[in-house]
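First listed ligand is number 1; within each ligand, the first listed atom is number 1.
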Amino acid sequence: MNYPFWDVDIGYGILMPLIAVIHVFVSHFAIGGGLYIVVAETAARKAGDTMRLEFLQRLSKFFVLVSVVFGALTGVGIWFIIGLLNPGGTEVLIHNFVFGWASEWAFFVIEILAAIIYYYGWNKLSPREHLIVGWIYFVAAWMSLFIINGIITFMLTPGEWLTTGNFWDGFFNPTFWSSLVLRTGICISLAGLYALLVASRYPSSPFKAKTVRYNAIWGLAGLIVVFLSFFWYKNAIPGDVMAHLAETISMPFTAIDQLYVYSAILAVGFIVFGLFIPKTFHPVTGVILMIVGLLWFGAYEWFRESARKPYVISDYMYANAIAVADVESLQENGLLPSIAYRTGDDGADLYRRVCRTCHTMTGYRALKPKFDGTDVDFIAAIIRGMHAMKGNMPPFPGTEEESQLLAAHIYNQVDHRHIKTIYNFEGIELGRKVYEIRCGKCHVIGGYNDKTESLVDLSDEEYNDLLDMAGDLGEEMPDFTGDDTERQALIEYLKTLTEGGAQ
Ligand code: HEC
Ligand code: HEC
């Protein structure tokens, strides 16, 4: 399916997190808060603890406001953004999960109504009725997580759905349960964090100590749930997906490292400030822990999003909304005929359709600096070999001729001066830059698809031979199209390489 394009100079990779991050934080707060409040209210009513009940009434104001106003607004915002970013992917999701979404909205309406009644009912409803409304609020909120969790996990691990196309196979996919438990843990921790922040503003007293300790236990409990379920979750991701990631991109692994670091900071914070010295729990500590908590949650989301690349739906559709099954026929018959909204500038249309989801020319993940000082044949070869580059990109879904059209479109926008002039480099410095631009996209020294071993200790003649036959070394490898200056500088640089890696 084809859609008109929306081309402003914003990286979609920035736009989406901007709205999604807010929405996701808010919605998990609302769920965790719902559980916290009803559990704490039950205990407070039993103990006849009026101070605690007052504290809870204060908390509930935030949760109601947040879930009703922020949750709803940003939720609708997400629909606008994903529709703009990736109409093709959105369409697949809607076609498959329309009933899922319809029921999510039904739960959302119940959640909001219950939240409002709960908030205004503190002094009007009987304790029993009030608690019942509270439980309705929490269960409805958690049910909307249950449903959206099925759709989000589906995108990373569609599992059996790929062959059956069955709604339930896609919904209860391999990471469904582990992710549900993990997200529930996140909700619990976030509730603890927020309640800590509110409690931090109370003057030092036995009540404050008790409340802070109680809230820190919530934070810790959620943290433990997340910690354990993350391993379950990671193991539920098919092994070949993880192995492929390990080879191609570092992002998901950086995200995991960060997740561990933030978990450790939170654990120490909850234990030291929450359990050992709760009486003096300071608002600044509360704010810092809250920020770490959001980063911690963000690291998990970042892992999940980056682990899915280059797909929007794993093994089914690439992030640029090209269906995996269509690639071969597009490479044979061309992509242009399948683009319904053409502008007359074929190169630009191809660029929007193939690269624009993930790159801009000069802004977010800019392409111009990667091609400044190169030539159109090099750019075309890079486009045809894009799946071999670092960054885990999808294959080029078009013909050789289309790769030339797209290359010409990019070439028109780059700096046409000599690399030497653009960067004002000489000798080895220049050679390093030539390597970075002409080779480093596919062979990172000491990193992705490193070829140092084949590049050390050659004679001038051997280096020249290697560059002469560059295009034959690998199917995706471009011919060396740089001039003599570039060639000599590159060779000079290659001579400085040692088996051990970079110089
Ligand atoms: C699914 C998203 C996606 C699509 C679609 C995509 N790219 Fe990329 N591209 C990336 C990512 C991620 C990187 C890695 C960036 C990094 O390592 O910093 C990358 C890296 C690159 C690089 C290498 C940058 C370097 O560090 O040397 C070039 C060149 C490039 N892309 C060109 C293209 C072109 C041309 C297209 C369209 C034909 C395209 N990409 C389509 C995601 C994508
Ligand atoms: C678009 C991606 C791409 C670019 C750019 C690229 N290569 Fe390659 N290169 C490949 C692929 C693919 C292979 C063969 C398969 C493999 O080993 O990954 C390869 C193979 C090689 C080999 C053979 C290694 C061996 O097994 O002996 C060498 C050496 C090499 N490249 C060096 C270079 C140099 C030097 C440059 C820059 C002038 C360069 N490559 C640019 C993709 C690329």
Hey, what's the ring geometry for [X] with [Y], parallel, tilted or perpendicular (30° and 60° as the breaks)?
X    : Y    : value
Y423 : F425 : parallel
W101 : F97  : perpendicular
F176 : F172 : perpendicular
H409 : Y351 : tilted

Which ligand 2 atoms does [X] reach within 4.0 Å, using its non-hydrogen atoms?
X    : result
N449 : 18 (O)
G474 : 13 (C), 14 (C)
R438 : 5 (C), 37 (C), 41 (C)

With atom 8 (Fe) of ligand 2 as the reference point, give the N/O/S atom of H443 that is nearest.
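That would be atom NE2.
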Is it the side chain (CB and beyond), the backbone, both or neither of [X] that lies under 4.0 Å from ligand 2, heavy atoms counted?
X    : value
S454 : side chain
L494 : neither
K451 : side chain
A381 : neither

Between [X] (side chain) and [Y] (backbone), is there a donor-acceptor pair under 3.5 Å?
X    : Y    : value
N166 : W168 : yes
E402 : T399 : yes
K441 : K370 : yes
Y463 : L455 : yes
T90  : I82  : yes
H23  : G75  : yes
N86  : A319 : yes

Ligand-side contact atoms (ligand 1) for residue partner [X], heavy atom cut-off under 4.0 Å:
X    : value
M386 : 36 (C), 37 (C), 38 (C), 39 (C), 41 (C)
A319 : 1 (C)
G391 : 11 (C), 12 (C), 13 (C), 14 (C)
L406 : 38 (C)

I need the contact type for K309 against ligand 1. Using non-hydrogen atoms and a strict under-4.0 Å cut-off, is it side chain, backbone, both or neither?
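It is neither part, as no heavy atom is under 4.0 Å.
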Determine whether the side chain, the backbone, both or neither of N392 has a heavy atom under 4.0 Å from any heavy atom of ligand 1.
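Under 4.0 Å from ligand 1, N392 contributes no heavy atoms.
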Considering only non-hydrogen protein atoms, determine which one is nearest to [atom] and report residue, atom name and distance to 0.1 Å.
atom                    : value
atom 27 (O) of ligand 1 : K441 CG, 3.1 Å
atom 1 (C) of ligand 1  : C358 SG, 2.8 Å
atom 12 (C) of ligand 2 : E476 OE1, 3.1 Å
atom 20 (C) of ligand 1 : M393 CE, 3.4 Å
atom 28 (C) of ligand 2 : L473 CD1, 3.7 Å
atom 2 (C) of ligand 2  : C442 SG, 1.9 Å
atom 17 (O) of ligand 1 : K390 CE, 3.9 Å

Please determine whether any non-hydrogen atom of A470 lies less than 4.0 Å from an atom of ligand 2.
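Outside the 4.0 Å threshold, so no.
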Any N/O/S atom, side chain or main chain, of M477 closer to atom 8 (Fe) of ligand 2 than 2.8 Å?
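Yes - counting backbone and side chain alike, M477 has an N, O or S atom under 2.8 Å.
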No-hydrogen, no-angle side-chain donor-acceptor test under 3.5 Å, [X] and [Y]:
X    : Y    : value
T175 : N173 : yes
H244 : N392 : yes
N320 : R356 : no

Give a yes/no verdict on whether any heavy atom in [X] is under 4.0 Å from an atom of ligand 1.
X    : result
H359 : yes
P394 : yes
F371 : yes

Enclosure of [X] [atom1] (heavy-atom neighbours >12, cutoff 6.0 Å):
X    : atom1 : answer
D457 : CG    : no
F70  : CZ    : no
K420 : NZ    : no

Might you check, step by step, whether the distance between atom 15 (C) of ligand 2 and some protein heavy atom is under 4.0 Å?
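Looking at atom 15 (C) of ligand 2, one finds that no protein heavy atom lies closer than 4.0 Å.
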Heavy-atom protein contact below 4.0 Å for atom 31 (N) of ligand 1
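True for atom 31 (N) of ligand 1.
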Step-by-step ring-ring contact (aromatic ring centres under 6.0 Å, His included) determination, F297 to Y262:
CA-CA 9 Å; F297 183 13; Y262 295 134; over 10 Å; no
Quick test of your reading of the structure: of [options], whose heavy atom lies closest to [atom]?
atom                    : options                : result
atom 34 (C) of ligand 1 : C355, C439, S250, P397 : C355
atom 24 (C) of ligand 1 : M251, K370, H409       : K370
atom 5 (C) of ligand 1  : I249, I322, V354, T357 : V354

